[in-house]
**Student:** 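Have a look at this one.
Computed over heavy atoms, backbone and side chain alike; hydrogens, waters and symmetry mates excluded. Note on naming: letters A, B, ... go to the chains in the order of the sequence lines (proteins, then strands), and numbering restarts at 1 for each one.
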2 protein chains.
Amino acid sequence: MVRRTTIGDVAADAGVSTATVSRVLNGGAVTEATATRVWDAVARLEYTPNALTKGVFAGRSSTIGIVIRDLSSPFYLDLIRGADEVAAANDSHVMLANTFRRADREIVQVRTMDEQRVRGLIVTTGEATDDRTRRMAGNGTPCVIIARSVPDPPPGMHSITLDDIEAGRLMAVHLAGCGRSSVGVVASGRRTSQRKRTAGLRQALTDWGLPLPEDAVMTAETEDEVNAAVGTLLTRGRDRGKPLDAIVCTTGRLTVAVHTALTTRGIAVPGDIAFITMDDFPWATALGITVVAQPSYQMGRTAAGLVVDQPGGPVELVFAPTLVARTSCGEHHPST
Amino acid sequence: MVRRTTIGDVAADAGVSTATVSRVLNGGAVTEATATRVWDAVARLEYTPNALTKGVFAGRSSTIGIVIRDLSSPFYLDLIRGADEVAAANDSHVMLANTFRRADREIVQVRTMDEQRVRGLIVTTGEATDDRTRRMAGNGTPCVIIARSVPDPPPGMHSITLDDIEAGRLMAVHLAGCGRSSVGVVASGRRTSQRKRTAGLRQALTDWGLPLPEDAVMTAETEDEVNAAVGTLLTRGRDRGKPLDAIVCTTGRLTVAVHTALTTRGIAVPGDIAFITMDDFPWATALGITVVAQPSYQMGRTAAGLVVDQPGGPVELVFAPTLVARTSCGEHHPST
DNA sequence: ATGAAAGCGCTAACAC
DNA sequence: GTGTTAGCGCTTTCAT
């Protein structure tokens, strides 16, 4: 390994002390003449300061860590962009880690972020690492949990969630407005956000006189499970004497799978069955799929802002979802 | 800011020296009894070692940096997964940064990685940072450039590319096999990989007696430009007396845009026009879109492997693309 | 305005 | 097997 040029080398080259170089680099009080000499030396020696050392001294790096559960969800791109912009505006920068939806990976990634002494941490769901993030918050590392509300958060531990109840309600209202009356739901796992979306849907549907039976909601993780779930929902609808005329998917991650399960059965959308799902995505417009979108860019900005601003107590923010109506639920009759 | 517990605190708590604690943590020679005492102290004090300090001493962190031009391309997910797996198997870990296709962001992100003294760097294209990556390679930080072949690479600077000529050829052969004879191309920018794909396509098409006129290739970056380009290609085909019966898109990033430009014009795929594009993506199966795929997972594994193994000279690797035939080019007649 | 020197948390020789 | 000590590259008092 080559020895890299250090601040000492620059100092020697410029004929000053390391303290002076440090001052020049970080904007201390120096003569213009010395500053020039130092910058010249920096350029000549192609000096790149060691952020590790800086961090050691400060007790903290300038990196904002983001641990994402599943980078493949389009939701995260805008979130990252939002966070990145705020970081860049606060001489910080963002580092991403993906957990591939695995708890063990999440644990490792969050620990790594802690070991790196990140300036702050943004985690999506972060269920497997609640103890650690609480501790980090206690140690002065602001943690922002996305998509999960934290019970009894300590100072420095914030949460940013979507109003999932409202997301479900939006879906119900739109579906009812499109004249649909027999809804089936495909959800992912039993995380609170998923349950709330279903609950909001059910509540609003019931208010319209359209009850949503327990067995009209199924959980699925893989493509195969989704396909099976859709089949089951269809059958149950028929058995119930109320054939399904709408399918709701409560997670953007399974949109493709649900859509495929429908089309491979020769089911026309929205002719036979309406389809509505979560999270906007690049193909949604092309396919005419109606979605309930999250303000992910804004969520990313806010999350990074929380890290940078370090508000005293815990902050719990709930963002409002938006319905993006396209054609997959048929025609909407506002007055119905 | 709270003072975090240090190795000294652990040492005091366990009644040993910091050196012993370090030995326990990193697997040196210690009595089982001391080891237990130390681990107890670590647990009791919830000690998380400071990776920054470790890195200062080693002159290098254990992080592998990945700088991605555009995370929104599905290509990168598998690449990241591949790299992440290899990193995890070599007590390393991956940190991502996204440049949002902006040269200035790329420069900042790569510099940041250098400042963090990453163990190695994986960059996609990295056009704006060639000087820096070369220097990094010289400083003992292996750099792997993805999707661009590096001219005259120094030791420690590697490149992983797709056989773009072959990618173009695969498209041509498939299109010809599907009986298409008038092809229009939408490409993105003038990067070498884009040009090579077009060149490979043109060469193979010509070999089949199907020349590809210069003006049947257009460049576009935004959705609007893509839409305009498709319109122009269509018009030119008609003017030429050979109406288009196939559209090729040489970048996965513009797949949606090209597809939309086609369908909004009421053009049936493959009825009126065949459509083939680069990079497999989640919706491709559902939409029946034929693609030329890159072995991105394998590329990611290989890239991280290059960082970890540190081969002596520069390594230039070219991966083979694969045709994933679906229905968007119509029926294939192998013997034609 | 600048330098000398101490120290951030950790590892690695070197003694014992 | 364990402790002592000397740094790693940098920032920051404290003098001057």
**Student:** How many Å lie between CD1 on B:I7 and P on D:dG3, as a whole number?
**Tutor:** 12 Å
**Student:** Rounded to whole angstrom units, what separation is found between the CD atom of B:E115 and the P atom of D:dT11?
**Tutor:** 11 Å
**Student:** Nearest whole angstrom, please: distance from the C1' of C:dC8 to the CZ of B:R3.
**Tutor:**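 It works out to 11 Å between those atoms.
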**Student:** Distance check needed: C:dA12 C1' versus B:L25 CG, whole Å only.
**Tutor:** 15 Å
**Student:** Among C:dA1, C:dA12, C:dG3, which is the nearest nucleotide to the side chain of A:T20?
**Tutor:**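 Closest of the options to the side chain of A:T20: C:dG3.
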**Student:** Whether the side chain of B:T6 engages the backbone of B:G8 through a donor-acceptor N/O pair (distance < 3.5 Å, no angle test) should be reported.
**Tutor:**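 Yes: the side chain of B:T6 pairs with the backbone of B:G8.
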**Student:** How long is the line joining NZ of B:K54 and P of D:dC10, in whole Å?
**Tutor:**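 In whole Å, D:dC10 P and B:K54 NZ are 21 Å from each other.
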**Student:** The side chain of A:T34 lies closest to which of these nucleotides: D:dG1, C:dA1, C:dT2?
**Tutor:**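 Taking heavy atoms from C-beta onward, the closest nucleotide is C:dT2.
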**Student:** Taking salt bridge (Lys or Arg N to Asp or Glu O under 4.0 Å) as the definition, give me every residue that meets it alongside B:R105, ordered by chain and number, with sequence neighbours left out.
**Tutor:** A:D84
**Student:** Calculate the interatomic distance between A:D9 atom CG and D:dC8 atom P; express it in whole Å.
**Tutor:**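 About 11 Å, once rounded to whole Å.
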**Student:** Checking A:R117 side chain against A:D114 main chain: does a donor-acceptor pair fall under 3.5 Å?
**Tutor:**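 Between the backbone of A:D114 and the side chain of A:R117 there is a qualifying donor-acceptor contact (under 3.5 Å).
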**Student:** Tell me what A:S22 touches on the nucleic acid: a base, only sugar-phosphate, or nothing, going by heavy atoms under 4.0 Å.
**Tutor:** base
**Student:** If you only use heavy atoms from C-beta on, which nucleotide in C:dT2, D:dG9, C:dT11 is closest to the side chain of B:V56?
**Tutor:** D:dG9
**Student:** Using a cut-off of strictly less than 4.0 Å, decide whether A:S17 has a side-chain nitrogen or oxygen near OP1 or OP2 of C:dG3.
**Tutor:** yes
**Student:** Can a side chain N or O of A:T6 be found less than 4.0 Å away from OP1 or OP2 on D:dG9?
**Tutor:**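 No, outside the criterion.
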**Student:** What does the inter-axis angle of the helix from C:dA1-D:dT16 to C:dC16-D:dG1 come out as, five pairs per end, nearest 10 degrees?
**Tutor:** 40°
**Student:** Applying a 4.0 Å non-hydrogen cut-off, can you work out what B:V30 is touching in the nucleic acid: base, sugar-phosphate, or nothing?
**Tutor:** sugar-phosphate
**Student:** Which residue lies toward the 5' end of DNA chain D, B:F57 or A:R23, if each is placed at its nearest nucleotide?
**Tutor:**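 So the residue in question is B:F57.
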**Student:** Establish, from distance only, whether the side-chain atoms of A:D70 and A:S72 form a donor-acceptor pair under 3.5 Å.
**Tutor:** yes
**Student:** Does the side chain of B:V16 come within less than 4.5 Å of B:V21's, by heavy atoms?
**Tutor:** yes
**Student:** Between C:dC10 atom C1' and A:N50 atom CG, what is the distance in whole Å?
**Tutor:**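 The distance from CG of A:N50 to C1' of C:dC10 comes to 14 Å, rounded to the nearest Å.
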**Student:** On a heavy-atom basis, which atom in A:N98 and which in A:Q109 lie closest, and how many Å separate them?
**Tutor:**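 Heavy atoms only, the tightest pair is O-NE2, 2.9 Å.
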**Student:** Find the distance B:L52:CG to D:dT11:P and express it as a whole number of Å.
**Tutor:**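 It works out to 13 Å between those atoms.
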**Student:** Evaluate the side-chain hydrogen bond (donor to acceptor under 3.5 Å, both in side chains) criterion for residues B:T124 and B:R148: first the C-alpha distance (whole Å), next the side-chain angles of each, then the deciding distance (0.1 Å), finally the verdict.
**Tutor:** CA-CA 8 Å; B:T124 60; B:R148 182 173 64 95; over 6 Å; no
**Student:** So what does A:V16 touch, heavy atoms closer than 4.0 Å: a base, only the sugar-phosphate, or nothing?
**Tutor:**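 Sugar-phosphate only.
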**Student:** Go nucleotide by nucleotide along DNA chain C from the 5' end; which of B:P49 and A:T18 gets its closest nucleotide reached first?
**Tutor:** A:T18
**Student:** What are the two closest non-hydrogen atoms of A:I66 and A:A83, and how far apart are they?
**Tutor:**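 Closest approach of A:I66 to A:A83: CD1-CB, 3.7 Å.
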